[in-house]
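Have a look at the structure below before the remarks.
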Amino acid sequence: MISLTPAIAGAQEFNGAATLGYGQSSISNGGGDFGTFTGDFTGTLSFDNGLHWGFDAKYYNADPDNISGDVSLWDLGTTLNYQFDNGGVLGGYLDYADFDSGLGLNLSSDVTSYGISGGYVVENAGFEAWIGESETSPSLPNGTDWTDFGARFRYQASDSAVFGGHYVRSDVSGGGVNLDLYSVGLGGYYRFNSGWGTYAGLVHQSFSDLDLDYTTLGIGVDYNLLEISEIPGQVSLELARTDIDVGGASGDIDTLRFGLTFPLGGRTSSTPLNSVARAAMAPRHNALTTLEDTTF
């Protein structure tokens, strides 16, 4: 941090957004209902020497109806990238997720992911690929390795339209364990001149060795409060459905999700950070936390 102080003093630009959200979910076949409070933040600090320092944070708390206790998750991440004059990008990432269940199960665990990344950026498009490892607490059995790799792209079609997608895979093998989880998704956002915007995302995730699949579709609308006030924020409403298939049996989770998004820095609008579209365009660096981010 001390060595970065001169660079921070010369920072040229900061862009980011924060979203406060609430969702009400219903599980099919009498599985019950639960409410979810979420807080999301993303930001990038760009320096005049080509460095880009990124931050991401997510917190959610799920409170099932008629059940004592709740479930919470902290998901934190940071990236440091250097962009060359020709558009090439090279850097690394560090993610940390902490899960805690207060539903009488006394479950608490965390995952730390780290690795290297590279990509290419032009004026209105970008591509990134990465590879890394994850460590857990409690630890996995001796001799077990967790490897992550993935790629994502983003294209700014116009000042009003953006879309992107991802493929992320996590392989856990060794020590008698063999488990693969992958995530693939597409999402987009379009802003109308009247202040209204619409967004959609579709993400599919699969535990290939457990015959367990998740497919999440989210469609939403938002409105920019600057159209009627001096408040630089957006209100959003999304309807999402997650279809779960386990060994031929199926069920679904229907969610109505509200959000209040505040663009930060040079932004005037942002895809709501608690949306499926955002999860599809900006996944986490391992497939498990990408699954959690998409569903909640």
Side-chain angles (χ1 to χ4, degrees), residues 1 4 40-46 50-59 73-84 87-99 108-121 126-154 164-187 203-210 214 273 278-296:
M1 290 295 297
L4 285 174
D40 295 83
F41 167 81
T42 185
T44 301
L45 196 59
S46 299
L51 281 175
H52 299 270
W53 195 4
F55 310 88
D56 290 283
K58 181 182 183 71
Y59 173 77
L73 173 76
W74 277 101
D75 186 4
L76 309 173
T78 185
T79 60
L80 186 63
N81 297 305
Y82 181 80
Q83 183 174 337
F84 298 91
V89 179
L90 183 64
Y93 67 88
L94 175 66
D95 293 342
Y96 173 80
D98 181 81
F99 170 84
S108 180
S109 61
D110 61 70
V111 179
T112 302
S113 304
Y114 51 90
I116 58 174
S117 63
Y120 188 78
V121 175
F127 171 82
E128 179 189 21
W130 64 87
I131 185 169
E133 297 182 350
S134 292
E135 299 179 355
T136 66
S137 177
S139 301
L140 296 171
N142 289 334
T144 304
D145 296 318
W146 179 334
T147 303
D148 305 303
F149 57 91
R152 64 175 180 172
F153 76 93
R154 187 179 182 92
H166 75 266
Y167 177 83
V168 182
R169 187 179 187 95
S170 294
D171 294 333
V172 183
S173 61
V177 178
N178 187 13
L179 180 63
D180 297 330
L181 171 62
Y182 74 84
S183 176
V184 58
L186 290 172
V203 181
H204 177 74
Q205 285 130 347
S206 177
F207 286 91
S208 57
D209 299 290
L210 298 180
Y214 295 79
L273 303 185
R278 172 68 186 185
M281 292 189 288
R284 309 304 293 161
H285 290 99
N286 76 68
L288 182 60
T289 49
T290 298
L291 169 61
E292 295 168 335
D293 197 23
T294 302
T295 306
F296 299 101

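All of these numbers come straight from a predicted model, not from anything done at the bench.
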Rounded to the nearest 0.5 angstrom, the CZ-OH distance for Phe149 and Tyr167 is 5.5 Å
Does any non-hydrogen side-chain atom of Val89 lie less than 4.5 Å from one of Phe127?
no
So does Gly54 get a backbone contact from the side chain of Thr78, meaning a donor-acceptor N/O pair under 3.5 Å?
yes
Would one find more than 12 heavy atoms of other residues, nucleotides or ligands at under 6.0 Å from atom CG of Leu210?
yes
Any sub-3.5 Å donor-acceptor pair from Thr290's side-chain atoms to Arg284's backbone N or O?
yes
Measure the spacing between CG of Asp110 and OG of Ser134 and express it to the nearest 0.5 Å.
11.0 Å
Taking all non-hydrogen atoms of both residues, which atom of Gln205 and which atom of Thr294 are closest, and how far apart?
NE2-OG1, 3.3 Å
When you measure from the side chain of Ser170 to the backbone of Ala287, do you find a donor-acceptor pair of N or O atoms at a distance under 3.5 Å?
yes
Backbone of Pro138 reached by a side-chain donor or acceptor of Thr136 within 3.5 Å:
yes
Table please: side-chain donor-acceptor pairs of residues 173-182 below 3.5 Å, with sequence neighbours left out.
residue, atom, partner, partner atom, Å
Asp180, OD2, Arg169, NH2, 3.4

Measuring only between side-chain heavy atoms, which start at C-beta, is Leu94 closer than 4.5 Å to Leu76?
no
Partners meeting side-chain hydrogen bond (donor to acceptor under 3.5 Å, both in side chains) with Thr144 (sequence neighbours left out):
none
Roughly how far, to the nearest 0.5 Å, is CG of Asp171 from OG of Ser208?
8.0 Å
Just checking, any donor-acceptor pair under 3.5 angstrom between side chains of Ser113 and Asn286?
yes
Which of these, Met281, Glu128, His166, sits in a side-chain contact (heavy atoms from CB on, under 4.5 Å) with Arg154?
Met281
CH2 of Trp130 to CG of Asp148, rounded to nearest 0.5 Å, is 9.5 Å
Measure the acute angle between the ring planes of Trp53 and Phe55, then classify it against the limits of 30° and 60° as parallel, tilted or perpendicular.
tilted
Tyr93/Thr79 under side-chain contact (heavy atoms from CB on, under 4.5 Å): CA gap, chis, key distance, verdict:
CA-CA 4 Å; Tyr93 67 88; Thr79 60; 3.9 Å; yes
Applying side-chain contact (heavy atoms from CB on, under 4.5 Å) to Leu288 and Phe99, what does each step give before you reach the verdict?
CA-CA 12 Å; Leu288 182 60; Phe99 170 84; over 6 Å; no
Minimum-distance pair of heavy atoms, taken over all atoms of Gly77 and Asp95:
CA-OD1, 3.3 Å
Enter the distance from Ser117:OG to Ile131:CD1 here, rounded to the nearest 0.5 Å.
12.0 Å
Closest non-hydrogen contact found for Tyr120 with Gly88 is CD1-N, 3.7 Å
Trace of the side-chain contact (heavy atoms from CB on, under 4.5 Å) decision for Val121 with Phe84:
CA-CA 9 Å; Val121 175; Phe84 298 91; over 6 Å; no
Do Ser183 and Val203 have side chains that approach each other closer than 4.5 Å (heavy atoms only, starting at C-beta)?
yes
side-chain contact (heavy atoms from CB on, under 4.5 Å) assessment of Glu133 paired with Tyr114:
CA-CA 6 Å; Glu133 297 182 350; Tyr114 51 90; 3.5 Å; yes
Qualifying residue for side chain to side chain donor-acceptor pair (under 3.5 Å) with Lys58, from Thr289, Thr42, Asp75, Asp40:
Asp40
Counting distance only, does the side-chain N/O of His204 pair as donor-acceptor with the main-chain N or O of Tyr214 below 3.5 Å?
yes
